[in-house]
Structures are given as C-alpha cells and as structure tokens.
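The next block holds one structure in the form of structure tokens; read it before the comments.
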Protein chains: 2
Amino acid sequence: MIKVSNLRKVYSTGSVAVEALKGVTLTMHKGEFVAVMGPSGSGKSTFMNLLGLLDTPTSGNYWLEEREVSSLNKNELASLRNQKLGFVFQAFNLIPALTALKNVELPMLYAGVKPQERRQRALLALEKVGLGERLQHRPNELSGGQNQRVAIARAIVNRPSVIMADEPTGALDTKTGEEIMEIFEELHREGTTIVLVTHEPDIAKHAKRILRFKDGLLIRDEEVTNR
Amino acid sequence: MIKVSNLRKVYSTGSVAVEALKGVTLTMHKGEFVAVMGPSGSGKSTFMNLLGLLDTPTSGNYWLEEREVSSLNKNELASLRNQKLGFVFQAFNLIPALTALKNVELPMLYAGVKPQERRQRALLALEKVGLGERLQHRPNELSGGQNQRVAIARAIVNRPSVIMADEPTGALDTKTGEEIMEIFEELHREGTTIVLVTHEPDIAKHAKRILRFKDGLLIRDEEVTNR
Ligand SMILES: Nc1ncnc2c1ncn2[C@@H]1O[C@H](COP(=O)(O)OP(=O)(O)OP(=O)(O)O)[C@@H](O)[C@H]1O
Ligand SMILES: Nc1ncnc2c1ncn2[C@@H]1O[C@H](COP(=O)(O)OP(=O)(O)OP(=O)(O)O)[C@@H](O)[C@H]1O
Ligand SMILES: [Mg+2]
Ligand SMILES: [Mg+2]
C-alpha cells in the first residue's frame with residue numbers, strides 16, 4: 001500500500017539548509033491505523049506532506065499502491081491524490097472566500113461528481129462532524145475547532161482509501177475530539193487506511209501502531225498491544 | 001483589574017445572527033492564573049477577543065484597570081492594548097512576510113523601543129521558547145508548533161501585565177507544551193495575570209481558577225483546590 005525507502009527531505013532557506021527528514025524507511029499495509037508522534041519540529045508534517053503527495057522528497061523512494069511516485073507527472077500525481085487520499089492539514093488550509101459547504105464540495109468538484117450529489121454528500125459530511133448549522137459560514141465566521149472540523153469533512157467526503165490527518169483534534173475539546181475519532185474508527189472498520197499525527201496520547205490510543213519521530217528520524221515503530 | 005458585566009456578542013452573518021456570548025459577568029484580580037475551557041464553538045475565543053480589546057461587545061460593560069473600554073477611542077484602545085496586554089491567537093496570526101525575529105520585534109516597534117534593545121529582547125524571547133536556531137525563518141518555513149512558539153514569544157516580549165493565550169499549546173507535543181507552561185508559571189510568579197484557553201486538562205491544572213463556557217454562557221467558575 002505505502003512503502004518508503006530512505007526518504008529524505010532538505011529545505012533550503014536563504015543561506016541555511018534544514019534536513020527535516022533524514023532517511024525514513026517503512027511499509028504500511030492497507031487498512032492499518034497508524035499514529036505519528038514526536039516533538040515539535042521533528043519532521044512529522046514533512047513526512048505527511050511527502051506521503052500525501054503534497055511535496056517531493058529530496059532523495060529516497062515512495063511507492064503508493066506499488067507505483068513509484070517519482071515516475072509520475074504532475075497530472076498523474078494530482079489525480080492519484082484526488083482519488084486515493086483525503087488530507088487534513090495542520091493549518092486546515094480552507095479557502096477563505098468559500099462557505100463551509102463549498103469548501104467540502106471542492107474535492108468532489110475535481111473528481112467530476114454531479115452538483116446534486118456533491119451538495120448532498122457535503123451536507124452529510126458536515127452534519128457528521130456536528131456543523132449542520134454552519135453550512136453557509138465562511139472560515140472567518142467559524143471558531144478554530146469548527147474550521148478544523150470543516151477540514152475533516154472535506155478529507156472524508158471523497159471516500160478516499162487513505163486518510164492522512166495532521167493533528168486533526170488539536171483545536172478540539174475532549175468530547176468533540178472523541179466524536180471525530182469515532183468517525184475515523186468507523187471509516188477504519190470499513191477498510192480505510194488511517195495515518196494520523198497527534199501529540200495527545202488519548203488520541204494515539206485509537207491507533208494500532210505508533211511511529212515516533214525525533215530530529216528527522218524514525219526512532220521507534222511499535223505495535224500498540226493494549227488493544 | 002478585569003471586570004465584565006453582562007457582556008454579550010452577536011455576530012450577524014448574511015441572514016442569520018449567531019449569539020456567541022450571551023451575557024457574561026465576572027471579575028479577575030491582578031496576578032490571577034485563570035483557565036478558560038469548554039466545547040468547540042462555546043464562545044471562548046469570542047470572550048478572549050473582547051477581553052483583549054480586539055473586538056467590541058454588542059452590549060454589556062468591560063472595565064480594564066477601572067477604565068470602561070467603551071469610553072475609549074481607537075487610539076486609546078490600541079495604546080492600552082500595546083502597553084498592557086500580550087495576546088496569543090488561536091491561529092497564531094503571524095505576519096507571513098516577516099521572519100520569526102521581526103514578528104517578535106513588532107510589539108516593541110509600536111511601543112517605541114530602540115532597535116538595538118528591540119532585537120536583543122526578541123532574540124532572548126525566541127531562545128526562551130526554543131527557537132534560537134530559527135530566527136531568520138518565515139512562518140511558511142517553520143513547523144506548526146514552531147509558529148505557535150513564535151506567537152508566544154511575541155506575546156511575552158513587551159512585558160505585558162496581562163497575557164491572554166488562546167490554546168497556546170494546541171500544536172505542541174507534551175514536553176514542549178510543558179516548557180511553555182513553565183514560562184507562563186515564571187511570568188505568573190513575577191506578577192503577570194494569565195488568562196489561558198485550553199482543552200487539555202494537563203494544561204488547565206497549572207491554573208488556580210477555571211471558567212467553563214457552554215453555548216455562549218459561563219456555566220462554571222471554580223477555584224482549583226488541588227494546588
Ligand atoms: N465572525 C463570525 N461570524 C459569525 N459567527 C461567528 C463568528 N466568529 C465566531 N462565530 C460563531 O460564534 C460561536 C463561538 O465561536 P468562538 O470562536 O468563540 O468559539 P470557541 O469556544 O473559541 O471554539 P473553539 O474551541 O472551536 O476555538 C461559534 O459557533 C462560531 O460559529
Ligand atoms: N519550508 C521550510 N523551510 C525551511 N525549514 C522548514 C520548512 N518547513 C519546515 N521546516 C523545518 O523542518 C523541521 C520539521 O518541520 P515539520 O513541520 O515537519 O515538523 P513537525 O514535526 O510537524 O512539527 P510540529 O509538531 O511543530 O507541527 C522544522 O525544524 C522546521 O523548522
Ligand atoms: Mg507539524
Ligand atoms: Mg476558539
């Protein structure tokens with residue numbers, strides 16, 4: 001499903017180079033539920049952006065469903081991303097000019113889903129995350145946690161085979177965070193692969209495997225036994 | 001120090017009005033350490049934005065150090081804010097075009113601090129939050145938690161008498177979050193009043209008083225006894 005070998009990422013900014021990822025090797029099988037943890041600045045989002053095809057590695061290989069992504073052109077990457085992956089950004093990355101409903105419709109617009117069905121599925125996804133009464137609000141008319149939930153609804157609405165969520169409960173209170181984890185657990189039971197960055201142990205306990213990052217390296221990869 | 005009476009905030013968006021705060025009354029004394037908790041969408045940021053003079057109430061009174069803020073003009077509000085308050089936004093609100101160092105210098109620039117001293121104090125504040133090696137990075141060259149820490153450095157650098165922090169550890173791992181709470185505890189011991197929104201019980205336990213919001217109302221105001 002997902003295989004990376006010696007994946008590296010160096011950012012060069014001005015005069016200095018930051019080695020954000022120093023060679024990560026691992027395999028994830030279809031249907032796994034993986035938590036990614038580690039200190040602030042350790043490389044988690046960099047890793048997720050590479051897995052989510054939002055950025056390209058400096059070196060190393062990444063096979064997504066046996067296709068090596070460096071051999072794909074921009075269009076193939078965009079369509080693979082749109083069909084297979086649902087991404088929840090750490091900073092939400094909603095479109096400020098669009099309402100919550102329109103933001104959630106966007107991935108289906110790209111996928112060519114008809115307007116009627118698009119609107120219906122976006123409505124259902126927003127009701128599922130508890131925002132049925134905020135459909136016409138734009139991001140600056142929503143709370144932090146409400147914006148986060150719009151981003152989650154947008155990631156799940158296209159029925160992706162992999163959901164990559166970067167700190168999806170960071171802005172949510174405990175109860176709302178648990179409601180979101182219920183949604184991820186339900187999708188997982190239906191066969192969706194879940195990769196989730198979190199710094200909250202209560203959230204990580206839903207996963208079956210924990211990848212621990214530190215200073216750009218994968219320092220631990222453990223099965224969670226208490227499940 | 002801070003006194004509010006029947007504070008209300010209604011947002012009107014398009015055709016519908018959202019009553020985000022439905023009449024909050026409380027007093028905070030100088031040097032208190034208060035945690036603000038409650039579900040996503042319950043009115044915490046709205047309350048903080050009113051306390052932080054970043055927005056005006058729809059009705060009700062707010063006295064900051066015995067001055068009723070509705071009697072102040074825009075300039076008086078801006079200078080009161082700049083002199084007395086340090087604000088950490090839930091979405092960080094850093095200036096994208098400025099480096100971490102320049103972002104932290106900004107409040108001192110407005111306060112008329114000399115360039116040499118401004119730069120030195122910004123450097124110290126960034127080192128204090130663990131970002132001494134990221135001074136020249138702009139927000140898009142920093143991780144989520146690093147951006148959050150730049151926002152914290154910016155809030156403390158002008159030595160405000162009140163720090164208002166909206167979810168200041170949301171993007172931070174446990175250890176880095178604890179390091180930030182140490183900084184708040186140190187400022188609190190020196191006499192700074194701290195008002196902090198959080199959804200994490202481990203963070204709230206540093207406070208001596210917890211305000212609980214639900215649906216725009218203050219439903220509980222309790223002293224924390226286990227300290
Ligand atoms: N500019 C706005 N226009 C319309 N409604 C708004 C606006 N800002 C906030 N709201 C609404 O007011 C309510 C309170 O929002 P607020 O941001 O204070 O919540 P919060 O407690 O900080 O939530 P969170 O924990 O998710 O950050 C929410 O239901 C939100 O949709
Ligand atoms: N565009 C960039 N240019 C330069 N350096 C960058 C860039 N993006 C990230 N970095 C650096 O790479 C390192 C890893 O960043 P990354 O965002 O992956 O960390 P993270 O584990 O997600 O942290 P957090 O938990 O704070 O979100 C950080 O030290 C950061 O400063
Ligand atoms: Mg990150
Ligand atoms: Mg908020």
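Throughout, a chain's letter reflects where its sequence line sits, starting with A, and its residues are numbered from 1. What you see is a predicted model; the values in this text were computed from it and never measured.
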Using atom types as modelled, flag every donor-acceptor pair under 3.5 Å from a side chain in residues 99-108 of chain B to any protein atom, sequence neighbours excluded.
unit_1   : atom_1 : unit_2   : atom_2 : d
B:Thr99  : OG1    : B:Lys102 : N      : 3.1
B:Asn103 : OD1    : B:Ile95  : N      : 2.8
B:Asn103 : ND2    : B:Ile95  : O      : 3.1
B:Asn103 : ND2    : B:Leu98  : O      : 3.1
B:Asn103 : ND2    : B:Thr99  : O      : 3.3
B:Glu105 : OE1    : B:Arg118 : NE     : 3.1

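B:Arg209 CZ: more than 12 foreign heavy atoms inside a 6.0 Å radius.
In summary, B:Glu167 and B:Lys44 do not engage in a salt bridge, as defined by a charged side-chain N under 4.0 Å from a carboxylate O. The pair A:Arg149-A:Glu179 fails the salt-bridge criterion, with no side-chain N (NZ, NE, NH1 or NH2) lying under 4.0 Å from an Asp/Glu carboxylate O. Here A:Glu32 does not pair with A:Lys208 in a salt bridge; the nearest charged N to carboxylate O distance is not below 4.0 Å.
Residue B:Thr46 holds its OG1 atom at 8.0 Å from NZ of B:Lys9, rounded to the nearest 0.5 Å.
If you measure heavy-atom distances from A:Arg138 to chain B, you find no contacts under 4.5 Å at all. Contact annotation for B:Ala91: neither backbone nor side-chain heavy atoms come within less than 4.5 Å of a heavy atom of chain A. Heavy-atom distances place both the backbone and the side chain of A:Gln146 under 4.5 Å from chain B. Contacts between B:Arg134 and chain A at a heavy-atom distance below 4.5 Å involve the side chain alone, from C-beta outward. For B:Ser143, the part lying under 4.5 angstrom from a heavy atom of chain A is the side chain only. Only the side chain of B:Glu200 has a heavy atom closer than 4.5 Å to any heavy atom of chain A. Of the two parts of B:Thr169, only the backbone, made up of N, CA, C and O, holds a non-hydrogen atom closer than 4.5 Å to a non-hydrogen atom of chain A. When heavy atoms are compared at a cutoff of 4.5 Å, B:Gln90 approaches chain A solely by way of its side chain, counted from C-beta outward.
Ranking B:Thr176, B:Val16, B:Leu172, B:Leu142 against chain A, the residue ahead of the rest is B:Leu172, based on heavy-atom pairs under 4.5 Å. Counting heavy-atom pairs closer than 4.5 Å to chain B, the top residue among A:Gly41, A:Ser45, A:Pro201 is A:Gly41. Most heavy-atom pairs under 4.5 Å with chain B, from the set A:Ser40, A:Gly145, A:Gly144, A:Gly38: that is A:Ser40.
Using a distance-only test at 3.5 Å, with no hydrogens or angles considered, no donor-acceptor pair links the side chain of B:Gln148 to the main chain of B:Phe92. Between the B:Arg121 side chain and the B:Val157 main chain, a donor and an acceptor come within less than 3.5 Å of each other.
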